[in-house]
Amino acid sequence: MTYPDSNGYFGIFGGMFVPETLVNALTELEEAYNYFLHHDTMQNQLNELLHHYAGRPTPLYFAQRLSKQTGVQLYFKREDLLHTGAHKLNNTLGQGLLTQFMGKKRIIAETGAGQHGVATATVAALLGLECTIYMGQVDIERQMPNVKRMKLLGAEVIPVTSGSQTLKDAINEALRDWVRNVKTTHYLLGSVSGPHPFPTIVRDFQKVIGSETKQQFQALYGTLPDYCVACVGGGSNAAGFFYDFIGSTVGCIGVEAAGKGLFPGGHCASLTLGTPGILHGSLSYLLQTSDGQVMDVYSISAGLDYPGVGPEHSFWKESNAVHYVTCTDEQALKACITLTQTEGIIPALESSHALGYILCNSQKFNGSNVIINLSGRGDKDLDTILKEVKL
Ligand SMILES: *Cc1c(COP(=O)(O)O)cnc(C)c1O
């Protein structure tokens, strides 16, 4: 059995909880995507771009010094080396081509850390598409270099001042725009969340991370790693990294942001502390109050600052296919400094959560082969890191 089912459900999670006006658009998208998947010319074009434009395959790097220091055999899948500095481009290239394939000329997107906005604006420039990006005002302030990049790339950036002025509010605005302009516009959703078919489309475009990793590790050792670890915001880098390992002997571990601690408003650990509910068009684990209000969430890294999570992760949690854990701001910052000063790699604060969990539990993983998905590079986080750390 492969998931989702024909109605877009992963077990009880997922679905298409949207206004009537969007059901047609989503059905049209699903049909177009199924053609796209089996269209040789489109698939070749995507593979060419992933290779010559984005820089795939990304390296699988064995961190010798850090392994020696921790007693864990640590490998990093280097999505930080992908063009634009994070895994996001895998998805935006795919959906950008899909937009052209559907005959649409405009893309809109939401962004939190700004990475998805940059990756979307990049693809818009590459493919000659009009581009509008919705971004929470709070995120605009903490991610100014990415805002400047988007503008330079020719995108219009619209500040969102409703709610907590972060990612979930930007998604609401993008959905409103899509309802108004659905004939000409594709909503290029940035994670494995949202209504069907987005969780499947985004997972499929990110699957390349795990399939490459599997091949690379097998070419080296003729076997599988013991663990694959990734940070979970909406869950796209983790889903793409885990997908080819689900059901194998490999232990998949998703790390959520515990922020300042696991009290209400202090974190964004939706799978660890949430309950099933509907947000942005699908049923999944969600941080909500007992009367169903979406809770305010917090993480030092804007890319993880989201109260929900993709429905396939909820399914993997319930079926014990993936183990979900947490890492605090402080642990992530420490991991970020450690990787920087031991290996000369400055990781994104999001990715630092995955490493932070392993460093805090290194005894448990002693001698194991652990691959961490380095979802992005940390240049965008320099100001945040330097504010917290005395050098
Ligand atoms: C956006 C982002 C994330 C979180 O998004 P997912 O959909 O959970 O992958 C993680 N790492 C980096 C570097 C990001 O830019």
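Atoms within a ligand are numbered from 1 in the order they appear, just like the ligands themselves. Since the structure is predicted, the reported quantities are computational estimates derived from the model, not experimental observations.
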Colleague: If we ignore angles and hydrogens, is there a donor and acceptor under 3.5 Å between the side chains of Tyr33 and Asp204?
Modeller: yes
Colleague: Is any side-chain heavy atom of Val229 closer than 4.5 Å to one of Phe365?
Modeller: no
Colleague: Cation-pi between Lys77 and Phe241: NZ/CZ under 6.0 Å from ring centre and within 45° of the ring axis?
Modeller: no
Colleague: N/O to N/O below 3.5 Å, does that happen between Gly235 and ligand 1?
Modeller: yes
Colleague: Just to confirm my output: which protein heavy-atom neighbour is closest to atom 3 (C) of ligand 1, and how far is it?
Modeller: Lys88 NZ, 3.5 Å
Colleague: Under 4.0 angstrom from ligand 1, any heavy atom of Ala113?
Modeller: no
Colleague: Within the 4.0 Å heavy-atom shell around Asn237, which atoms of ligand 1 are there?
Modeller: 6 (P), 8 (O), 9 (O), 10 (C)
Colleague: Just need the protein heavy atom nearest to atom 10 (C) of ligand 1, so name the residue and atom and give the distance.
Modeller: Glu350 CB, 3.4 Å
Colleague: Decide yes or no on side chain to side chain contact (heavy atoms under 4.5 Å, CB included) for Thr326 and Leu273, but give the supporting numbers first.
Modeller: CA-CA 10 Å; Thr326 63; Leu273 288 180; over 6 Å; no
Colleague: Which of the atoms of ligand 1 are close to Gln115, meaning less than 4.0 Å from one of its heavy atoms?
Modeller: 15 (O)
Colleague: Give the atom numbers and elements of ligand 1 that come within less than 4.0 Å of a heavy atom of Ala348.
Modeller: 13 (C)
Colleague: What protein heavy atom is closest to atom 6 (P) of ligand 1, reported as residue, atom name and distance in Å?
Modeller: Ser236 N, 3.3 Å
Colleague: Are the side chain of Lys168 and the backbone N or O of Tyr306 linked by a donor-acceptor pair below 3.5 Å?
Modeller: no
Colleague: Of the protein's non-hydrogen atoms, which lies at the shortest distance from atom 4 (C) of ligand 1, and what is that distance?
Modeller: Gly303 O, 3.4 Å
Colleague: Are any of the heavy atoms in His87 under 4.0 Å away from ligand 1?
Modeller: yes
Colleague: Only heavy atoms of Gly233, strictly under 4.0 Å: list the atoms of ligand 1 that pass.
Modeller: 8 (O)
Colleague: By number and element, which atoms of ligand 1 are closer than 4.0 Å to a non-hydrogen atom of Gly376?
Modeller: 13 (C)
Colleague: Evaluate Leu304 for polar contact with ligand 1, using N/O atom pairs at a separation under 3.5 Å.
Modeller: no
Colleague: Quick check: does Ser351 get an N/O under 3.5 Å from an N/O on ligand 1?
Modeller: no
Colleague: Under 3.5 Å, is there a donor-acceptor pair between the Glu79 and Thr58 side chains?
Modeller: yes
Colleague: Please evaluate residues His116 and Leu188 with respect to the criterion side chain to side chain contact (heavy atoms under 4.5 Å, CB included), reporting the C-alpha separation (whole Å), side-chain torsions for both, the decisive distance (0.1 Å), and the verdict.
Modeller: CA-CA 9 Å; His116 177 56; Leu188 206 161; 3.6 Å; yes
Colleague: Please write down residue, atom name and distance for the protein heavy atom closest to atom 11 (N) of ligand 1.
Modeller: Ser375 OG, 2.7 Å
Colleague: Is there a polar contact, in the sense of an N or O pair closer than 3.5 Å, between Gly190 and ligand 1?
Modeller: no
Colleague: If Ile, Leu, Val, Met, Phe, Trp and Tyr residues are connected whenever their side-chain heavy atoms lie under 4.5 Å apart, and connections chain through other members, are Ile372 and Leu224 in the same group?
Modeller: no
Colleague: Judged by modelled atom types alone, do Ser236 and His87 share a side-chain donor-acceptor pair under 3.5 Å?
Modeller: yes
Colleague: So do the side chains of Lys260 and Asp329 get within less than 4.5 Å of each other, counting heavy atoms only?
Modeller: yes
